[in-house]
Number of protein chains: 2
Amino acid sequence: MQQRSEETRSKIIESAIKLFSSRGFNAASVDDICADAGISKGAFYHHFESKQALFLALLDGWLQTIDDAIEASKDKSAPETFMRMTEAFPYIFQSAGNHLPMYMEFWLQASRDEKIWQATVAPYRRYHKYFATLIKKGIDEGSFAEMNPDVAARLIVSTAMGLLLQSLLDPKGAKWEKVARESTTMLLNSLVKK
Amino acid sequence: MQQRSEETRSKIIESAIKLFSSRGFNAASVDDICADAGISKGAFYHHFESKQALFLALLDGWLQTIDDAIEASKDKSAPETFMRMTEAFPYIFQSAGNHLPMYMEFWLQASRDEKIWQATVAPYRRYHKYFATLIKKGIDEGSFAEMNPDVAARLIVSTAMGLLLQSLLDPKGAKWEKVARESTTMLLNSLVKK
DNA sequence: AAAAACATACCGACTGGTCGGTTTTACATA
DNA sequence: TATGTAAAACCGACCAGTCGGTATGTTTTT
């Protein structure tokens, strides 16, 4: 059976997410990850070429979940999609919340590491394009006010990212789910045709 | 003269900003900083207790510039303040742009390091309070529409941070100064009373 | 001459990664 | 079903290099 192999691999990934999130990419050593996963260093390097390769694997997994989420919301109207975004915030804050520092690390590493940058920027541009197209569709349909779809898409992404960042810095400083819901609604209202 | 001493100190800080920005806190070693500054390790540890202490000094310097900027915009009306924010964007993107990765690093470290967190979160809360008060003032004066000042303040900070983050990831993906100016204007329009 | 500023050699801890050897698995054969 | 065997999976000691930090000595300033 190759079941054991897959189990080991997922144990490594699980521990890596946990430790990268809590300590950071640099501070979490390969030894730490192996110890947490309860496997040996040999097993680690059997499954992953390097520490960076593991990092990239984690990044891929994350991007995949975003792709899935986008795919699931296709064929929806623009306002409906954004409403769903609003509804999704509690879920995002709960599930992504713990791993948020790691996603930030992706971001930061991307600005310094060519390989990671290439793996990150292409999906980012794809997402932006998706949002911009969606907004343009909404404008054409008459449900959104006249505006620059490109700028509006950046604005929406900014809001989501900025809220997550603020919640990361000061988790107990506000009821973030509530703030996220209300500010997204606020933003959405400014887009919708009056 | 204590002039030489101060020169050494500022040389260290200069090199630290440069290397922390380009390589990150962990990847930039004390030796690297010393080499870049053209001084010895002894000199380094004469001026700073530890690498973390240097990091905190850099953080303090950054927060000071924000404080100064806020202080300079006081006694202005709320809409005027936000208009000035818009005007300031090109400057921000130019000056902060290069050091942005380091500021992100502050953010990230703050979520993991108690000391750095305390040094970061207090100013953050102060800034948020300032914005919220400003918005409330604008509402009371009748220039802003009815809204939750707290949420609106988070939204504004989110926008600024999110834009900076996006520009960090994909500097050549858009004309960020233009996007920032337009989306801030968009946001401001949604606040102003119609 | 006292003190502050700086230089240099050095330390133990830890890092990512390697390597020879061992165990487990998958599969063909009988 | 039992058995032999090659490959895949895994182990853990080990390596060379780097890290932040220190101890001690030298130069410069006051």
Side-chain angles (χ1 to χ4, degrees), chain A residues 1-59 102 105-106 108-109 112-116 119, chain B residues 1-59 102 105-106 108-109 112-116 119:
Chain A
M1 272 199 276
Q2 63 193 54
Q3 188 179 342
R4 187 167 72 117
S5 173
E6 279 176 22
E7 260 182 34
T8 302
R9 191 190 152 89
S10 59
K11 269 197 287 184
I12 293 174
I13 287 184
E14 210 172 311
S15 297
I17 291 176
K18 176 174 150 191
L19 293 177
F20 284 163
S21 294
S22 60
R23 304 183 196 174
F25 178 75
N26 287 287
S29 71
V30 175
D31 280 329
D32 291 339
I33 295 169
C34 291
D36 187 88
I39 54 112
S40 72
K41 222 166 177 180
F44 180 95
Y45 280 97
H46 175 74
H47 285 280
F48 297 98
E49 201 177 341
S50 65
K51 195 186 177 186
Q52 201 211 39
L54 168 63
F55 193 71
L56 277 167
L58 261 45
L59 179 58
M102 199 178 66
E105 205 114 27
F106 286 149
L108 216 40
Q109 298 271 350
R112 290 169 184 144
D113 187 303
E114 178 68 21
K115 239 182 189 168
I116 293 176
Chain B
M1 273 196 279
Q2 65 191 52
Q3 188 177 343
R4 188 167 74 114
S5 173
E6 279 178 22
E7 261 181 31
T8 302
R9 189 189 154 89
S10 58
K11 267 196 289 185
I12 293 174
I13 287 184
E14 211 171 313
S15 297
I17 290 176
K18 176 174 150 192
L19 293 178
F20 283 163
S21 295
S22 59
R23 302 183 197 175
F25 178 75
N26 287 287
S29 71
V30 174
D31 281 328
D32 290 339
I33 294 169
C34 291
D36 187 89
I39 54 113
S40 71
K41 222 167 175 179
F44 179 96
Y45 280 98
H46 175 75
H47 284 281
F48 296 97
E49 199 178 342
S50 65
K51 196 186 179 186
Q52 200 210 44
L54 167 64
F55 193 71
L56 276 168
L58 260 45
L59 179 59
M102 198 179 67
E105 205 113 29
F106 287 149
L108 215 41
Q109 298 271 349
R112 292 170 181 142
D113 186 305
E114 178 67 22
K115 238 180 188 168
I116 293 175

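A quick note: this is a predicted structure, and the numbers were derived from the prediction, not measured. In the text below, chain A, chain B and the rest are named by the order of the sequence lines, each starting its count at 1. FYI, side chains are in, hydrogens and waters are out, and symmetry mates aren't considered; it's all heavy atoms of this structure.
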**Report entry** dC14(C) phosphate, OP1 or OP2, under 4.0 Å from Ser29(A) side-chain N/O
**Finding:** no
Query raised in the report: side chain to side chain contact (heavy atoms under 4.5 Å, CB included) with Ser10(B): which residues, sequence neighbours excluded?
Result: none
Query raised in the report: Which of residues 44-57 of chain B sit near DNA chain D, with a heavy atom under 4.0 Å from it?
Result: Tyr45(B), Ser50(B), Lys51(B)
Report summary line: For His47(B), the side chain to side chain contact (heavy atoms under 4.5 Å, CB included) test, sequence neighbours excluded, returns Ser5(B), Thr8(B), Arg9(B), Ile12(B)
Requested in this report: Could you tell me the separation between the CD atom of Glu6(B) and the P atom of dA5(C), rounded to a whole number of Å?
Outcome: 10 Å
Query raised in the report: Of all residues at least two apart in sequence or in a different chain, which pass the ring pair (Phe, Tyr, Trp, His ring centres under 6.0 Å) check with Phe25(B)?
Result: Phe20(B), Phe55(B)
Requested in this report: Compare side-chain N and O positions of Thr8(B) against OP1 and OP2 of dC6(C) and report whether any pair is under 4.0 Å apart.
Outcome: yes
**Report entry** Residues in contact with DNA chain C, drawn from residues 35-43 of chain B - heavy-atom cutoff 4.0 Å
**Finding:** Ile39(B), Ser40(B), Lys41(B), Gly42(B), Ala43(B)
Query raised in the report: Can you tell me how far P of dG17(D) sits from CG of Asp31(B), to the nearest Å?
Result: 16 Å
Query raised in the report: When the distance from CZ of Arg9(A) to P of dA8(D) is rounded to whole Å, what number comes out?
Result: 17 Å
Report task. Would you please name every residue forming a side chain to side chain donor-acceptor pair (under 3.5 Å) with Ser29(B), sequence neighbours left out? Result -> Asp32(B)
Requested in this report: Report the distance from atom CD1 of Ile33(B) to atom CD1 of Ile17(B), rounding to the nearest 0.5 Å.
Outcome: 10.5 Å
Query raised in the report: Can you list, by residue number, the residues of residues 12-20 of chain A that have a non-hydrogen atom closer than 4.0 angstrom to DNA chain D?
Result: none
Report task. Starting at atom CG of Asn26(A), determine the distance to atom P of dG16(C), rounded to an integer number of angstrom. Result -> 8 Å
Query raised in the report: With sequence neighbours left out, what residues match Ser22(B) under side chain to side chain contact (heavy atoms under 4.5 Å, CB included)?
Result: Leu19(B)
Query - Side-chain touch Phe106(B)/Ile116(B), heavy atoms, less than 4.5 angstrom - result: no
**Report entry** salt bridge (Lys or Arg N to Asp or Glu O under 4.0 Å) contacts touching residues 10-19 of chain A (sequence neighbours left out)
**Finding:** Lys18(A)-Asp36(A)
Query raised in the report: What's the spacing between Leu59(A) CG and Lys115(A) NZ if we round to 0.5 Å?
Result: 13.0 Å
Query raised in the report: When rounded to the nearest 0.5 angstrom, what is the spacing between CG in Leu54(A) and OH in Tyr45(A)?
Result: 9.5 Å
Report summary line: When rounded to whole Å, the CD1 to P distance for the pair Ile33(A) and dC14(C) reads 17 Å
Requested in this report: Scan residues 40-52 of chain A for pairs that pass salt bridge (Lys or Arg N to Asp or Glu O under 4.0 Å), counting only residues two or more places apart or in two chains.
Outcome: Asp31(A)-Lys41(A)
